[in-house]
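What follows is a set of notes on a single structure, which appears directly below.
Below, chains carry the letters A, B, ... as their sequence lines are ordered, and counting in each starts from 1.
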Number of protein chains: 2
Amino acid sequence: MSPRKSVQKELTREMIMDAARDLFVSKGYQHVSMRQIAKELGYSHGSIYYHFKNKAELFYALVEKHFELLDQKLHDVLKQKLDQKEKLKQILVGYIQFGLNHQSHYEIMFLIKDEEVRNFINQGGNRSYENFAQSVSLLSGKELKVQEIWLLFLSLHGFVTHYCRIVNSYEEVRGLAEAHADFLLKSIH
Amino acid sequence: MSPRKSVQKELTREMIMDAARDLFVSKGYQHVSMRQIAKELGYSHGSIYYHFKNKAELFYALVEKHFELLDQKLHDVLKQKLDQKEKLKQILVGYIQFGLNHQSHYEIMFLIKDEEVRNFINQGGNRSYENFAQSVSLLSGKELKVQEIWLLFLSLHGFVTHYCRIVNSYEEVRGLAEAHADFLLKSIH
DNA sequence: TCAATTAATTGACCATCGTTCAATTAAATT
DNA sequence: AATTTAATTGAACGATGGTCAATTAATTGA
């Protein structure tokens, strides 16, 4: 009701991000409004603009955290006790798994074309891709052209893109995802 | 200015589609408004709703035609004088070419997640895919699992998806597209 | 301690969107 | 010529993302 609430009740970036995450994940970027997020929090929509420049920046703040998660996932696979061939497959499958279990964020990371959102991306995306590429290169056992790794990535990307929003979780396409990984690995062996 | 203009100046579905096509292709589905289309035509925005139920249906009317174009393209490749291996590659490359030279429509055909638009699709998309799959199967020379063809398609799809809107035409990535086709063909040979 | 300053929140406001629909007028039908 | 039908208009609706003066709490300094 009143401007400037007592300090215990002050809105924080974290509070906004928590509310926004749920909505974005369940409804997708386009179908969540700033007013909905504010309502969820019990604040006016204007207040969000005090903490985030606009909707795209708010979403990107969430996405950044998810890039870290993707990096973490890769790291986890690498330190598993598996032979190289197995690890390599795990990386590919793990990438698909990540994409399908964080659909709304994957959309923003790699799918959204909006100029606005576009401007925020790229740093995180490139870093994540570099990690991916280097790991594949190391584990493949043979000299791979950078181009080949890129094409491999695009092929994984196609799988995720297609099943994003068609499917509700990775589990629904686990078998096909593994087949896709095998299919692609044939190209580099 | 007046309702019900003289019959020579009557608005037609074709007129609307022509104006809309240009706008959609240059700006993308999301960034074209019904008012813009109407303005382009010199009519009020309401008039479009007399000819099309809504924006999604208008767009889908355009997309249907592009599916026919895609089918035509496939047909053209098939009747070329090439050995099977060459034809197969041409199909893959041709698919990418089509996607990148009709970006805004490709988006709707295979990328858009909006419920509204979703409902209109599928018939055309499935038929086109069936054509693609059957051709690949015929030309591959060996018994391919349906699953393999599907994964091949998803891999092509990833390429198109990524370069859609990053690039302005197929020409800019011709070399890479051909490399992608070669890369994928290694998986089924 | 209390005035001045700063920080956080509000909600009216703007321009835009897709869509609906009563009113209007030209064309077609009787 | 009267009536019916078909096509077009533009005001209106309920949304959207975003801005900003006004307001009030917290903080700072004298």
Side-chain angles (χ1 to χ4, degrees), chain A residues 1-20 23-24 26-62 104 108 112-120, chain B residues 1-20 23-24 26-62 104 108 112-120:
Chain A
M1 272 304 171
S2 71
R4 189 86 209 233
K5 314 204 161 164
S6 70
V7 76
Q8 305 101 308
K9 301 190 172 180
E10 257 176 26
L11 197 52
T12 62
R13 280 176 71 96
E14 276 65 36
M15 285 165 66
I16 296 170
M17 286 167 72
D18 285 342
L23 287 170
F24 281 135
S26 70
K27 303 189 176 195
Y29 182 75
Q30 307 275 3
H31 296 90
V32 173
S33 71
M34 295 299 255
R35 283 168 173 80
Q36 280 170 43
I37 298 169
K39 198 171 200 174
E40 189 75 20
L41 290 160
Y43 285 71
S44 81
H45 66 280
S47 67
I48 298 179
Y49 289 89
Y50 183 79
H51 299 276
F52 294 94
K53 198 166 119 256
N54 53 36
K55 189 179 171 184
E57 201 202 67
L58 164 55
F59 201 113
Y60 185 59
L62 291 171
S104 192
I108 294 290
I112 290 245
K113 313 291 177 188
D114 279 28
E115 285 298 331
E116 350 152 28
V117 184
R118 258 284 154 82
N119 300 332
F120 292 104
Chain B
M1 268 307 170
S2 71
R4 188 86 209 232
K5 314 204 162 166
S6 71
V7 77
Q8 308 101 308
K9 302 191 172 180
E10 259 177 23
L11 197 52
T12 62
R13 280 174 70 96
E14 276 64 36
M15 286 165 66
I16 297 171
M17 285 167 74
D18 285 342
L23 287 169
F24 281 136
S26 70
K27 303 187 177 196
Y29 183 74
Q30 306 276 4
H31 296 94
V32 174
S33 70
M34 296 299 257
R35 283 169 176 81
Q36 281 170 42
I37 298 168
K39 198 171 199 173
E40 191 76 19
L41 289 161
Y43 285 72
S44 80
H45 63 277
S47 67
I48 299 180
Y49 288 89
Y50 183 79
H51 299 275
F52 294 93
K53 200 166 118 258
N54 52 37
K55 188 179 172 185
E57 200 201 66
L58 165 54
F59 201 113
Y60 185 59
L62 291 171
S104 191
I108 294 291
I112 288 244
K113 313 293 178 187
D114 279 29
E115 285 299 329
E116 351 152 27
V117 184
R118 258 283 154 84
N119 299 331
F120 292 105

Under the 3.5 Å Watson-Crick or G-U criterion, the dot-bracket string of DNA chain D, with | for inter-strand pairs: ||||||||||||||||||||||||||||||

So does [X] get a side-chain nitrogen or oxygen closer than 4.0 Å to the phosphate oxygens (OP1/OP2) of [N]?
X	N	result
B:Lys9	C:dA26	no
A:His51	C:dT9	yes
A:Ser2	D:dT24	no
B:Tyr49	C:dT19	yes
A:Lys5	D:dA25	no

Using a strict heavy-atom distance below 4.0 Å, which residues from residues 36-46 of chain B are in contact with DNA chain D?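 Heavy-atom contacts with DNA chain D come from B:Tyr43, B:Ser44, B:His45, B:Gly46.
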
B:Tyr43 versus B:Lys9: any side-chain heavy-atom pair under 4.5 Å?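 Counting from C-beta outward, B:Tyr43 and B:Lys9 do come under 4.5 Å.
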
Measuring only between side-chain heavy atoms, which start at C-beta, is B:Glu57 closer than 4.5 Å to B:Asn54?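 Yes, their side chains come closer than 4.5 Å.
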
Under 3.5 Å donor-acceptor pair, A:Arg35 side-chain atoms to D:dG18 base atoms: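 In this structure, the two groups form a donor-acceptor pair.
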
Whole-Å gap separating [atom2] ([N]) and [atom1] ([X]):
X	N	atom1	atom2	result
B:Leu11	D:dT9	CG	C1'	12 Å
B:Glu57	C:dG18	CD	P	15 Å
B:Tyr50	C:dT24	OH	P	19 Å
A:Met34	C:dT9	CE	P	14 Å
B:Tyr29	C:dC17	OH	C1'	12 Å
B:Phe59	C:dG18	CZ	C1'	16 Å
B:Asn54	C:dC21	CG	C1'	16 Å
B:Glu10	C:dA28	CD	P	8 Å

Between A:Ser47 and A:Val32, who's closer to the 5' end of DNA chain D by nearest nucleotide?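 Final value for this comparison: A:Val32.
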
Quick one: pull up [atom1] in [X] and [atom2] in [Y] and give me the separation to the nearest 0.5 Å.
X	Y	atom1	atom2	answer
A:Glu10	A:His51	CD	NE2	7.5 Å
B:Glu40	B:Gln36	CD	CD	9.0 Å
B:Ser44	B:Met34	OG	CE	11.0 Å
B:Ser47	B:Met15	OG	CE	9.0 Å
B:Ile16	B:Leu11	CD1	CG	4.0 Å
A:Asp18	A:Thr12	CG	OG1	7.5 Å

In terms of ring plane angle, is the pair A:Phe24 and A:Phe59 parallel, tilted or perpendicular, where the classes change at 30° and 60°?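 Tilted: the ring planes of A:Phe24 and A:Phe59 meet at 30° to 60°.
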
With respect to the side chain of B:Lys55, which nucleotide from D:dT24, D:dG17, C:dG18 is positioned closest?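 Nearest to the side chain of B:Lys55 among the choices is C:dG18.
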
Between B:Gln30 and B:Lys55, what is the shortest heavy-atom contact and its length?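 Smallest interatomic distance, heavy atoms only, reads O-NZ, 4.0 Å.
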
